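Contents: one structure, followed by commentary.
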Amino acid sequence: MFPVATPKLTDFGYLIFDVYGTLADWESGLYTALQPLLSRFPSASKWSRDDAIRAFVSVEGDIQAQHPSMLYSDLLTKAHEVFEARLIAAENGLLEDENSKESKTSKTSERTSASAAGIPDVPGESSSSSSTQGSVSPTAADNEHMIFGKSIRKWEPFPDSAKALAELSKYFHLIVLSNVDHASFAYTHTYLSEGTFPSQGALSSSLYSRPSPNPHPRGLWLPRLTSGSKSPFSLVLTAQDTGTYKPAHAGFIAVLEAIRSEPYLLARPGSAGTAPATSPTLEEIKAETLSVAQSLTHDHQPAKELGIVSVWIDRQGASWRPASSDDGREYGWSWRFETLGELAQAVANEIGDE
């Protein structure tokens with residue numbers, strides 16, 4: 001850990017959490033879910049994990065920019081479909097190049113001794129095989145894309161996440177701001193609260209789904225107020241709520257507005273205090289807020305632009321890490337930890353020193 005700022009972690013009251021990449025291992029989940037598709041293409045099947053993830057995320061990012069209000073599970077479904085089309089086009093392009101070379105060689109041979117060479121019609125055979133490369137029946141293809149879209153429900157949290165969140169929730173309001181939809185997050189939410197995924201049949205009555213209908217007058221999802229819930233989160237905002245995907249600023253601003261408007265969030269966890277008589281300004285809320293995330297571009301960059309202090313959870317082995325060590329100057333983070341457990345321990349150390 002390398003603190004580069006003078007404030008203490010415990011000076012803050014709100015932790016805004018990214019989920020997939022920070023709390024859950026989205027890269028492993030994504031890479032595993034891509035295997036059936038990648039394995040059908042000779043070139044893609046040889047890609048490294050980093051290559052595969054970066055290629056897919058390039059497609060995903062384009063669709064997020066074009067359709068910021070699309071549900072994330074639907075976005076994953078569409079991205080898988082577009083990614084498959086790009087793989088087919090790339091594979092066919094490679095085969096066409098090879099066929100062109102084969103054809104030129106064949107014509108040269110024909111001028112000398114075509115019959116003696118005994119060379120089969122390779123271009124025709126390759127063309128025939130390439131027409132089915134990576135293709136499946138329409139119904140099966142639709143199902144494959146939809147299965148991939150729902151794979152996020154099986155992306156497992158990091159081993160340290162649930163315990164660290166439970167500890168941090170004693171001292172802070174933990175807030176989710178995630179590029180996900182309600183239905184998909186319910187599975188991750190259950191795991192982070194209970195330590196296990198729910199079964200498909202049990203989820204409909206889960207404590208960890210967004211209430212529907214939602215009784216909150218402003219439609220906020222406040223999981224810790226649900227009777228019987230073990231959720232560590234005081235507030236959950238997803239892309240489905242904000243109508244935008246990070247790194248757009250709108251989600252962060254929505255969090256600050258929600259804090260300012262909700263009396264429950266204005267009183268610190270574990271304190272006997274009550275909400276202030278007058279609502280604080282957004283700048284005052286911002287001064288008490290930390291963004292906690294792994295992604296430098298999706299979370300730390302917008303936090304820096306908005307003047308929100310941030311904590312980098314630098315998950316080792318992640319594809320989306322800077323090529324060279326970042327010292328906080330470019331992306332604005334003030335603390336760096338390799339795991340969420342390290343952050344929780346740093347907070348405990350500060351409290352122990354008081």
Side-chain angles (χ1 to χ4, degrees), residues 18-22 24-41 43-44 47-93 134-136 138-155 176-188 210 236-254 293-302 305 318-320:
D18 166 61
V19 175
Y20 301 98
T22 304
D25 187 1
W26 76 274
E27 290 190 1
S28 294
L30 182 73
Y31 185 58
T32 297
L34 282 173
Q35 289 311 299
L37 178 60
L38 296 175
S39 65
R40 298 207 307 270
F41 298 88
S43 57
W47 286 352
S48 68
R49 168 182 154 128
D50 286 3
D51 289 339
I53 291 172
R54 289 178 180 275
F56 179 82
V57 170
S58 175
V59 175
E60 181 190 57
D62 289 344
I63 298 175
Q64 284 181 342
Q66 295 168 16
H67 304 283
S69 61
M70 182 181 286
L71 295 183
Y72 189 62
S73 57
D74 293 341
L75 191 146
L76 282 177
T77 299
K78 185 64 177 176
H80 190 266
E81 178 185 350
V82 174
F83 190 47
E84 180 189 46
R86 291 190 184 181
L87 289 175
I88 291 172
E91 201 71 35
N92 287 346
S135 64
V136 289
T139 300
D142 290 343
N143 288 342
E144 183 180 29
H145 301 321
M146 292 177 66
I147 289 170
F148 180 83
K150 293 180 179 180
S151 68
I152 188 173
R153 301 178 179 187
K154 299 179 181 178
W155 297 357
V176 165
L177 179 61
S178 180
N179 288 350
V180 71
D181 58 275
H182 297 153
S184 298
F185 179 66
Y187 288 80
T188 309
R210 189 177 190 277
V236 172
L237 283 177
T238 70
Q240 187 172 350
D241 299 300
T242 64
T244 187
Y245 286 97
K246 295 181 294 183
H249 290 184
F252 293 91
I253 295 171
Q294 185 272 333
S295 175
L296 295 171
T297 54
H298 283 77
D299 295 273
H300 293 278
Q301 184 67 42
E305 292 165 355
S319 296
W320 293 97

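Quantities reported herein were computed from a predicted structural model and do not represent experimental measurements. Below, each value reflects all heavy atoms present in this structure, side chains not excepted, and no hydrogens, waters or symmetry copies.
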**Message:** If you compare all heavy atoms of A44 against all heavy atoms of L87, which two are closest, and at what distance to 0.1 Å?
**Reply:** CB-CD2, 3.9 Å

**Fill in**
Shortest non-hydrogen pair, A52 vs W47, comes out as CA-CE3, 3.7 Å

**Message:** Quick check: closest heavy atoms across P302 and H249, and the distance to 0.1 Å?
**Reply:** CB-CD2, 3.8 Å

**Heavy-atom pair of closest approach, residues T242 and G251** = CG2-CA, 3.9 Å

**Message:** Can a side-chain donor-acceptor contact be found between H80 and E144 if the only test is distance below 3.5 angstrom?
**Reply:** no

**Request:** Please check if any side-chain donor atom of D181 sits under 3.5 Å from a side-chain acceptor atom of S184, or the reverse.
**Result:** yes

**Request:** Check the pair W155, T32 against side-chain contact (heavy atoms from CB on, under 4.5 Å), reporting the backbone distance first and the verdict last.
**Result:** CA-CA 9 Å; W155 297 357; T32 297; over 6 Å; no

**Request:** Hey, could you give me the CD1/CD distance between I63 and E81, rounded to the nearest 0.5 Å?
**Result:** 8.5 Å

**Prompt:** Going from CG on L38 to CZ on F56, what distance comes out if it is rounded to the nearest 0.5 angstrom?
**Reply:** 10.0 Å

**Message:** Is the distance from the ring center of F83 to that of F148 below 6.0 Å?
**Reply:** no

**Request:** Give the intermediate values and the outcome of side-chain contact (heavy atoms from CB on, under 4.5 Å) for residues I152 and V180.
**Result:** CA-CA 9 Å; I152 188 173; V180 71; 3.7 Å; yes

**Request:** Walk me through it: do L30 and Y20 pass the test side-chain contact (heavy atoms from CB on, under 4.5 Å)?
**Result:** CA-CA 10 Å; L30 182 73; Y20 301 98; over 6 Å; no

**Asked** Can you name the nearest heavy-atom pair linking E91 to S43, along with the distance?
**Response** OE1-OG, 2.8 Å

**Complete:** Applied to residues 240-251, the salt bridge (Lys or Arg N to Asp or Glu O under 4.0 Å) test, sequence neighbours excluded, yields D18-K246, R210-D241, K246-D299

**Item:** CG on D25 to OH on Y31, rounded to 0.5 Å
**Value:** 13.0 Å

**Any residue meeting salt bridge (Lys or Arg N to Asp or Glu O under 4.0 Å) with D62, in chain and number order, not counting sequence neighbours** = R86

**Prompt:** Does S151 reach the main-chain N or O of A33 with its side chain, forming a donor-acceptor pair under 3.5 Å?
**Reply:** no

**Message:** If you compare all heavy atoms of T77 against all heavy atoms of G149, which two are closest, and at what distance to 0.1 Å?
**Reply:** OG1-CA, 3.4 Å

**Request:** Report yes or no: do S28 and R49 form a side-chain donor-acceptor pair below 3.5 Å?
**Result:** yes

**L37 CG to H145 NE2 distance, which is reported to the nearest 0.5 Å** = 8.0 Å

**Message:** What's the separation between atom CG in L75 and atom CG in N179, rounded to the nearest 0.5 Å?
**Reply:** 9.0 Å

**Message:** Just by distance, no angles: are the side chains of T238 and Y72 close enough, under 3.5 Å, to form a donor-acceptor pair?
**Reply:** no

**Request:** Could you grab the distance from atom CG of L34 to atom OG of S39, nearest 0.5 Å is fine?
**Result:** 10.5 Å

**Message:** Under a 3.5 Å distance rule, please check whether Q301 uses its side chain to pair with a backbone N or O of L296 as donor and acceptor.
**Reply:** no

**Item:** Y245 side chain to E60 side chain, donor-acceptor N/O pair below 3.5 angstrom
**Value:** no

